[in-house]
Amino acid sequence: MSKVTITIDGMQISADEGMTVLEAAQAHGLYIPNLCNHPDLKPAGLCRVCVVKMDDWKVTVSCKQPVKDGMVISTEDPEVQKIRRNTVELIVADHPMTCLTCEADGNCELQRVAHYVGVTPEGLNRYRRKIRNIPMDRSNPFFDIDHSKCILCGICVRTCDELQNINAIDYAQRGVTSLISTLGNKPIADSRCESCGECVVRCPVAALAPKGAQEPMYEVKSICSYCGVGCGVMLGVRGQKVVSVEGDRNNPVNKGSLCVKGRYGYKFINHPERLSTPLIKKNGTLEEASWDEALDLIAEKFSGSKGDKFAALASARITNEDNYLIQKFTRAVMGTNNIDHCARL
Amino acid sequence: MEERLSAVLSPYEGRKDALIPMLQKVQEELGYLSEEAMLLIARTTGMPESHVYGVATFYAQFYFSRRGKNQTKICSGTACHVKGAARVKDAFERELGISCGSTSADYEHSLETVACVGSCALAPVVVVNEDVHGQVQTGKIDKILEQSIKD
Amino acid sequence: MQKVNSPADVAKMREICKAAFARQKLRFLICAGTGCIAGGSLDVYEEFKRVIGERGIDVNVDLLFENKEIEAGTVTSGCHGFCQMGPLVRVEPAGTFYTKVRAKDVEEIVTATLDENAVIERLLYEKPDGSHAATEEDVPFYNRQQRIVLGGCGTIDPEDIREYFAVDGFQALATIFQEHSPEDVIEIVKESGLRGRGGGGFPAGRKWEAGLNAKATPKYVVCNGDEGDPGAFMDRSVLEANPQSVIEGMTIAAYAIGAEFGVVYVRAEYPLAVVRLLKAIEQAKEYGVLGDNIMGTGFNFDIEVFQGAGAFVCGESTALTLSIEGKRGMPRVAPRPRTTEVGLFDKPTLLNNVKSFAYVPDIIRKGAGWFKSIGTESSSGTAVFALTGNILNAGLIEVPMGIKLREIIYDIGGGIPKGGSFKAVQTGGPSGGCLPESLLDTPIDYDSLDEAGSIMGSGGMVVMDERTCMVDVARYFLNFTEEESCGQCVPCRLGTKQLLEILKDICAGKGRKKDIDLLVELSHSVHGGSVCGLGQTAANPVLTTLRYFKDEYEAHINDKCCPARVCTNLISYRIMEDKCAGCTLCARACPVDAISGEKKEVHVIDQGLCIQCGVCMEKCPKKFSAVECVSPKIPIPAKEKTEVVA
Amino acid sequence: MTNSIAEIGGAATILAIGTNTTQAPPVLALQAKKAAREGANLIVANPKEIDLCRHATIHLQHRPGTDVALVMGMIKVIVDAGLADMDFINSRCENYDAFVDSLSEFDLPSVEKITGVPGELIGKAAKMYASEGPSSILYCMGITQHCHGTDNVWSLSNLALVTGNLGKANAGVNPLRGQNNVQGSCDMGALPDVYPGYQKVAKPENKLKFETAWGVSLSDQEGLTHSEIFDDIHDGKITSLYLIGENPYLSEANANHAIESMNRLDFLVVQDIFLTETAELADVVLPAASFAEKNGTFSNTERRIQRVRKAIDSPGEALPDWQITAAIAQKMGAKGFDFDDESQIMHEIASVTPSYGGISYDRLEGGGLQWPCPSPDHPGTPTLHLGKFGTPSGKAQFMPLSFRDSAELPDDEYPFLLTTDRSLFHYHTGSMTRRVDGLEQLDSEEFLKINPKDAASLGLEDNEVVQIASRRGQTQAKTKVTKICPPGLVSMTFHFAESPTNVLTSPALDPVAKIPETKVCAVKLEKA
């Protein structure tokens, strides 16, 4: 791939041919404010917040403008600053001011952008505020949809289309009445939505927000325990509880994608019905017992049924190390090859 | 109903580019686009239903609920506007007892404003059912309705 | 002859048709444009058929082609343009031009024409000086015009291709097959200086050249008939009155760029245009001038009609092509390839306006020089306008470029009716602007209008008098663009919404001192930030009204006064005691019973109840003229207010 | 999988057969959908009109259990059309001539009759697969869970070989392994006939190797497979069973037989994270740690070994499975179970398993490694069989095949063919997913999917309770009337204990792989 050199705000940077100005900037850690862009998706160029001035004459959107050798870009040109500040003011004037109780607070792209472009209370007070009042869609068990917070960046629509190919949602209506919608704006749970949550993680505001989300204290990188794809996950931990699962963007298998089970099906981990002590059946009922009691009984019984009177069924859900020891135990200790697992089911 | 619509849609089987003509045909058949009809179009074309809905709601021509027997369209083109279309609209709203964009409870009347009908020289213009009425005066709308509404 | 089998056959076809129509001694052309139909022209037509039929005359024109002579015939034509005076009837060959004809007049016309060789004066157009115009040419509305695109409108029957053949139809197409390579055709179009009539004014020849140079196939020719500007109906009239000229123009374009398929995008609000176009396509195919192996040359070109579903933004080329593909009409975002490279179905597409195509046959037949000689250096040819609003002679006009606004409004349009005074003229629809009296000497061409802050646009020209509130006009246009914005980009979706909310507030008397600055600031950002032309020009009506009529804004904001007495929240109706005769007409008409007063006594409007509908003023007999409209509002007495609350 | 997940996106033609990929495994389906969107051909072969059909170029809707005929028919078209990759066949395969002879019964008219798919469509798909490569085959339980499942797999292997689509990038024969570590369990030798790394028990040198490594003497008899174990329990030959993380009460085909068997055991130990239906039958239940509570590795469907890391402590006294097993072994006085942590076990695995020879925890910190990875400096193997096959001769074997019917087909008494599938929202017997409220809200009960015509002929409405019976058992579920199922075919999942589908399914086994035929059995339906 050939390299080109462009200048952004006086700084010369090199970029790959075919990159957009925004990508080139981001690759060098330069921030150009934007709302509708997402690295996984094709650029849309709709929020108009990433406008820059090119070669001192043309206002263009950096997310769609391909780099060209010798190109000179200004992000601080007065005309550009005015357009993007007005644009962000328009969005904020159309957005509920409920930041403190908002799911996205602190993690909100709109907050970040508004701060960056210099939105002020005085500036905002000039505008007429008319927030759309559309009832929330709370039908999905894992996330809520709040259209009043939606900035119509279309990231969710493009995610559902370009990445998931599910197309549960699309733009509907037009102009100021535009909204992201299922057929007939029916509850999302009644659509073909597969609840993968890919749109939820990409929503720059809290128009799509996980239900009852808890911010984890720290994250642990691991592998999903459901199907054989082996998606990389980040288990969010708070105390001794898994409170969230995110896709691991660095994992080569899923590159961050997850399905509904992988992302939201984690509550079994801290489920109250988890077994926490050994149980021994006494008079037909299972009763709590100590490990010693249980192990003694097992050792005694297994010792009496060595050879082909014994069989072990390992599991396709436990680790390689677990499986290795179980087959070793069966073969080396119990003296039989009667070991299998549920691979076939 | 599925059969009725299938007959209308059959020439377009598998044609993704014919979505708008299909919606027009279905609306011609039903008077509006029901959810069931849009689902059927999605199935016929292999398009996601959200997309069918997205396209249909983009265009002003399509309706999503049953319409009145009589349809009154008040032209809101520029020429009509400067010649008092807003007053004509208010007068029709009062006369029919419904607001623009709605249908009366007995499904007798639907009232809406439309972008220019291209009869600007006759402004202000009102179209009742198929009849174009030009140079409408607010004091005479009862006569217009009388002339054009269906029994 | 039923089919054109070679380019040379076209001339033969013309002679056959000419000769045949010449066997019709006399005919009554009834205007069947939408305006005249609204006035009842179809009834007039039926009546002509009946009356002539009663005389034992068979009006079937097919007889003419069987070498029979017909004493008198009647046909419907497309729009003559003088819609205000419809229904219009033209008697040929004399050219007698009757206006406001009713069915009951027909018997009299037929008798006078056939039996008495007379003219019915009362149906002729009365000129401002009181004299009568016998023919169209004699009517001031027409005699300053130069009709090229509209030339065939109103003189031929759009539903009979043979009439088009008779007036040199398809001769241009035949000529290029015989004499010109695609490159030649493009050269002619370039030389003619034809600029796209959709509003942007992009040189047509250059666009065609790009279409020819595009490598990918198949290529498409698309005709933009999505005439969405409120207050414009030029394309409608051309499609209704002379669809064949558009078909011929498109076919020439297809030959020039190497396309085999074309689409005409017509607004669904234009059902008659669709019907006539479909009929014209069918006939053209039947006669071998469209479809497979056109004129036996081996060149194929087919045209389909696509009915738009109602979205102004689809007038934008990329939105239009997406709409044909069955998608939401959301314009593609720049930077993007040109439509001539990536257009319909992502293939090279030549997209021009209806009128642009309609000019082409004449340009080919008469030469680039002829077209170039009309109009101005940078804007050659004619301009077609729908002249409407507060104007005496509303209708469709075609004038040479360079003519001054004043000439159009006063000489052709006859000025402001009912002694009103001119305030502004709006061109370019929602993307255009309002020009004041001081700019009436601006010549009509792309560049001059641009300089004045408006645009040529597709051809709407709305005249406004002193009873038009310019703030309300700006509000009206923003209301339109807000509703028609596709909504994809923020500056347009929310910018038009914000501008509209501010304008609504100003009209409602809730304007703030700083609003004017904010309107200007936002207008510039919406212009600079929007994706497509709709958004980029959406604020033009605000900017031009602010530029030329700022005092009206200030009156609204500072004095809560609407000088034109339009904004209902800022006006009151009042009955003048000295003029009211107590006729009770107003009280009986008032929809909210806000007027009280005994018979023969002075009536009073209860300002607390009044909804400013204006019916009282309309109903008050001219001889009294006792109702007046005032602004600012008459304050509602405190007592009444409390009563309302109680 | 012979190839990697990422390679699916690079295929020019994808044949997805016997896999409802968007339901399981959905994240892998993204690759197939993306490829189709970007222009690849997607051929879906499935008796049902599954969701993936929306993205398909061709849908071959063959009758359940007729895969061999369908695939061999495709091969015959390819061979007859001269589209076979003779260079590949001559240089890298064996037994081609005998194989070609076996194609004679698969002429298109016969195949059309067996499969119910128009011959023309089969021909089109075959030519597409053969001429627009690289072509990748994806398959899942729809191929294997048949009494002739091994033949099915062989047929796909034949198809890939005849067109040279094996041992090459973006192609291959790719089984989509269902459970998170099913690949790893097999790799680790949790199978009756092989030691870790697929080293045959029957080969004396292997036995010797493990006897030396473990310091014990080992049985030279191959063990019993899953289904055979239940048969032997039933017959009283096996008296003790150590069952880890499995729920045969719901998952076993002909489940009643399995339940009856378990009740006959002298001693049943179940080790799990929940008290499953099976655990309730146990004599001793041992509490295990979940994946979030332990360290270790999983091996995914593309043979990628990845690190699982402990995030939280186990509840109460629950322990990682290996620690429990080690404790039992040590209680029984065995040596070789005194590991300090999981990495030490992996060290031992690497020492006895050639394909894992280069695996260590240090090396897995990046994105994991795909086996074979025989040495510490080996980069892993994304694509198998490049240049050479793993057979003794280094060449791939063509397998002559003939068509056999499923063991139990519909008849007058049991007129419907029942097949099983999975829901996107549940996993296996639901022991985990049914304890997640949200998933339960999205999908809370079993539905019998049935074609509208069949429903009408039985007078069944949508969402109506129906009694489903086979020769082996009966259960109830609500109907979901849908065109997804063609007439004559009904479909259920097996996630719901309330409607235990596997009481109905057929115990007929594939003679080689011993997999039960859960994809085809005959049932009758009655309004309940």
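Chain naming here is simple, since letters A, B, ... match the order of the sequence lines and numbering starts at 1 in each.
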Where do [X] and [Y] come nearest, in terms of heavy atoms and distance?
X: C120(B); Y: A232(C); answer: SG-N, 3.7 Å
X: K327(C); Y: Y59(B); answer: O-OH, 2.8 Å
X: L122(B); Y: G35(C); answer: CD1-O, 3.6 Å
X: A268(C); Y: Q61(B); answer: CB-NE2, 3.6 Å
X: F306(C); Y: P21(B); answer: CE1-CD, 3.9 Å
X: H51(B); Y: G326(C); answer: NE2-O, 4.0 Å

Would you say the side chain of [Y] lies within less than 4.5 Å of the side chain of [X], judging by non-hydrogen atoms?
X: K83(B); Y: N390(C); value: yes
X: V615(C); Y: R94(B); value: yes
X: C486(C); Y: F58(B); value: yes
X: H81(B); Y: N479(C); value: no

#### Entry: Whether over 12 other heavy atoms sit under 6.0 Å from E108(B) CD
yes

Chain B contact via [X] - side chain, backbone, both or neither, heavy atoms under 4.5 Å:
X: E227(C); result: neither
X: F312(C); result: neither
X: F345(C); result: side chain
X: L396(C); result: neither
X: S323(C); result: both

As an exercise: rank [options] by heavy-atom pairs under 4.5 Å with chain B and give me the winner.
options: Q307(C), M464(C), E269(C); answer: Q307(C)
options: Q84(C), R467(C), M234(C); answer: Q84(C)
options: G329(C), A386(C), G614(C), C79(C); answer: G329(C)
options: A309(C), G310(C), A38(C); answer: A309(C)
options: G389(C), P271(C), G228(C), G86(C); answer: G389(C)

### Query
Counting distance only, does the side-chain N/O of Y476(C) pair as donor-acceptor with the main-chain N or O of S76(B) below 3.5 Å?
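Looks like yes, one N/O pair under 3.5 Å.
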
### Message
Can a donor-acceptor pair be found, under 3.5 Å and without considering hydrogens, that links the side chain of T78(B) to the backbone of P230(C)?
### Response
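Yes, T78(B) side chain to P230(C) backbone: donor-acceptor pair under 3.5 Å.
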
Top of [options] for chain C proximity - count of heavy-atom pairs under 4.5 angstrom:
options: V114(B), T57(B), D90(B), V82(B); value: V82(B)
options: V125(B), V52(B), T138(B); value: T138(B)
options: A91(B), C116(B), G134(B), A56(B); value: C116(B)
options: V117(B), V127(B), D131(B); value: V117(B)
options: A123(B), S119(B), A115(B), G54(B); value: G54(B)

#### Entry: Of all pairs that satisfy salt bridge (Lys or Arg N to Asp or Glu O under 4.0 Å), the ones with a partner from residues 472-485 of chain C, not counting sequence neighbours
R174(A)-E484(C), D472(C)-R475(C)

### Query
Which region of Q27(B), side chain (C-beta onward) or backbone (N, CA, C, O), has a non-hydrogen atom less than 4.5 Å from a non-hydrogen atom of chain C, or is it both or neither?
neither

### Query
Say you draw a straight line from CD1 of I20(B) to CD1 of I324(C); how long is it, rounded to the nearest 0.5 Å?
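Going from CD1 on I20(B) over to CD1 on I324(C), the span is 9.0 Å.
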
